[in-house]
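Below is one structure, written out as structure tokens; the observations come after it.
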Protein chains: 2
Amino acid sequence: MPLPGNPNFMAGVPELVVLRLLRDREMYGYEIVQAIREQSGEVLSVGEGVIYPVLHALEKDGALKSRRKTVGGRSRVYYTVTPKGLKRFEVLAGDWSTLAAAIRAVLNGGQHVPAV
Amino acid sequence: MPLPGNPNFMAGVPELVVLRLLRDREMYGYEIVQAIREQSGEVLSVGEGVIYPVLHALEKDGALKSRRKTVGGRSRVYYTVTPKGLKRFEVLAGDWSTLAAAIRAVLNGGQHVPAV
DNA sequence: GTCTATACCTTGGACCGCGAGGTATGTCGC
DNA sequence: GCGACATACCTCGCGGTCCAAGGTATAGAC
């Protein structure tokens, strides 16, 4: 949360990314890990040790719902975004946008960049 | 360091910002804290508890040089960027750029954004 | 003489990310 | 049938960053 007294202003990106991916379609953890790697052009490598805890926390908070599904003999846990999760995504996305703009502003020498 | 095996990929923003400000002109710690707040449009609030340790670490690494100066009866520690520090800034700035682009790519649905 | 602003600094803990490790099952080659 | 590899889930504990809180000291205002 960048705006008012921001504790740990850089955190929460994994969460944001997870919510973004699940907004499009139902996915399972292992798949998410690879999707992040792919879609970021191999730049972001957010491992399973990050993703699974994030998924559990989001579900506990009611931002995600899960259901087991067996595909080709493999048991998977698929996640979907709840309305609460969608709202959370929008907040986080806005925060990120604000933050990135602020950093860019400083890098550009203090000229206020009018949002992207 | 976003690219190869990235430990703590989101970190280092305070350092990056400090180097950016000092690249323009000599500044002292207290001044830097306020400059960040201002230039970021009050979004970034990186307190003294962050800045001073960063300045000390950068100086210890030879990225900055300091000199005491008394202005109007007030003793200040002014910092300037060394060539090593400049190089470090360029690396960090590039890393940040890459990272921000990667996150934006994911937020945009996996279409590779051709750098900004 | 007290209060506010300036200016420096350190410490403790909180939090997050992450590697490393652990379990289990399916598939492919030999 | 057996080993190696990919899939798929999970947790623990370390480590690094950030940050609030607190501490010192001087200058200027009222």
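In what follows, every chain begins at residue 1, and chains take the letters A, B, ... in the order their sequences are listed.
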My understanding is that only residues two or more places apart in sequence, or in another chain, count here; which of them pass salt bridge (charged side-chain N to carboxylate O under 4.0 Å, His left out) with A:R68?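 Partners of A:R68 under the salt bridge (charged side-chain N to carboxylate O under 4.0 Å, His left out) test: none.
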Salt bridge (charged side-chain N to carboxylate O under 4.0 Å, His left out) partners of A:K69, counting only residues at least two apart: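 A:K69: salt bridge (charged side-chain N to carboxylate O under 4.0 Å, His left out) contacts with A:E26.
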List in chain and number order the residues that pass side chain to side chain contact (heavy atoms under 4.5 Å, CB included) with [X], two or more places apart in sequence or in another chain; answer none if no residue qualifies.
X	result
A:A57	none
B:V33	B:R37, B:E48, B:I51
A:R74	none
A:V50	A:P14, A:V46, A:V54

Specify the closest pair of heavy atoms between A:V81 and A:L86, including all atoms of both residues, with the distance to one decimal.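 So the two residues come closest at CG1-N, 3.3 Å.
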For DNA chain C, find the residues of residues 64-77 of chain B with a heavy-atom distance under 4.0 Å and give them by number; none if there aren't any. B:R74, B:S75, B:R76, B:V77
Residue pairs involving residues 64-86 of chain B (criterion ring pair (Phe, Tyr, Trp, His ring centres under 6.0 Å); sequence neighbours excluded): B:Y28-B:Y78
For nucleotides 12-17 of chain D, print each protein N/O atom paired with a nucleotide N/O atom at under 3.5 Å, atom names and distance only.
none

For [X] and [N], give me the distance from atom [atom1] to atom [atom2], rounded to whole Å.
X	N	atom1	atom2	answer
B:L55	C:dC8	CG	P	9 Å
A:I51	D:dT11	CD1	C1'	15 Å
B:Y52	C:dC8	OH	P	4 Å
B:M27	C:dA7	CE	P	11 Å
A:E15	C:dG17	CD	P	8 Å
A:L16	C:dC16	CG	C1'	15 Å
A:Y28	D:dC10	OH	C1'	16 Å
A:Y78	D:dT7	OH	C1'	12 Å

Considering only heavy side-chain atoms of B:V50, the closest of C:dC18, D:dT7, D:dC19 is D:dC19
I want to verify a distance call: between D:dC10, D:dC9, C:dC9, whose nearest atom is closest to the B:H56 side chain?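 Closest of the options to the side chain of B:H56: C:dC9.
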Note, A:W96 side chain near A:L99 side chain (heavy atom, < 4.5 Å): yes
side-chain hydrogen bond (donor to acceptor under 3.5 Å, both in side chains) contacts touching residues 53-62 of chain A (sequence neighbours left out):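 Checked against side-chain hydrogen bond (donor to acceptor under 3.5 Å, both in side chains) - neighbours excluded - the pairs reaching residues 53-62 of chain A are A:E59-A:S66, A:D61-A:R88.
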Distance check, rounded to the nearest 0.5 Å: A:L19 atom CG versus A:K87 atom NZ? 14.5 Å
About how many Å separate CG of B:L16 and CD1 of A:I103, when rounded to the nearest 0.5 Å?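 One gets 7.5 Å once the value is rounded to the nearest 0.5 Å.
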Any donor-acceptor pair under 3.5 Å joining the side chain of B:E48 to the base of D:dC19?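 There is none.
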Is there a side-chain contact between B:Y30 and the phosphate of C:dC8, meaning an N or O under 4.0 Å from OP1 or OP2? no
Could you list the protein-to-nucleotides 2-5 of chain D atom pairs, N/O on both sides, closer than 3.5 Å?
none

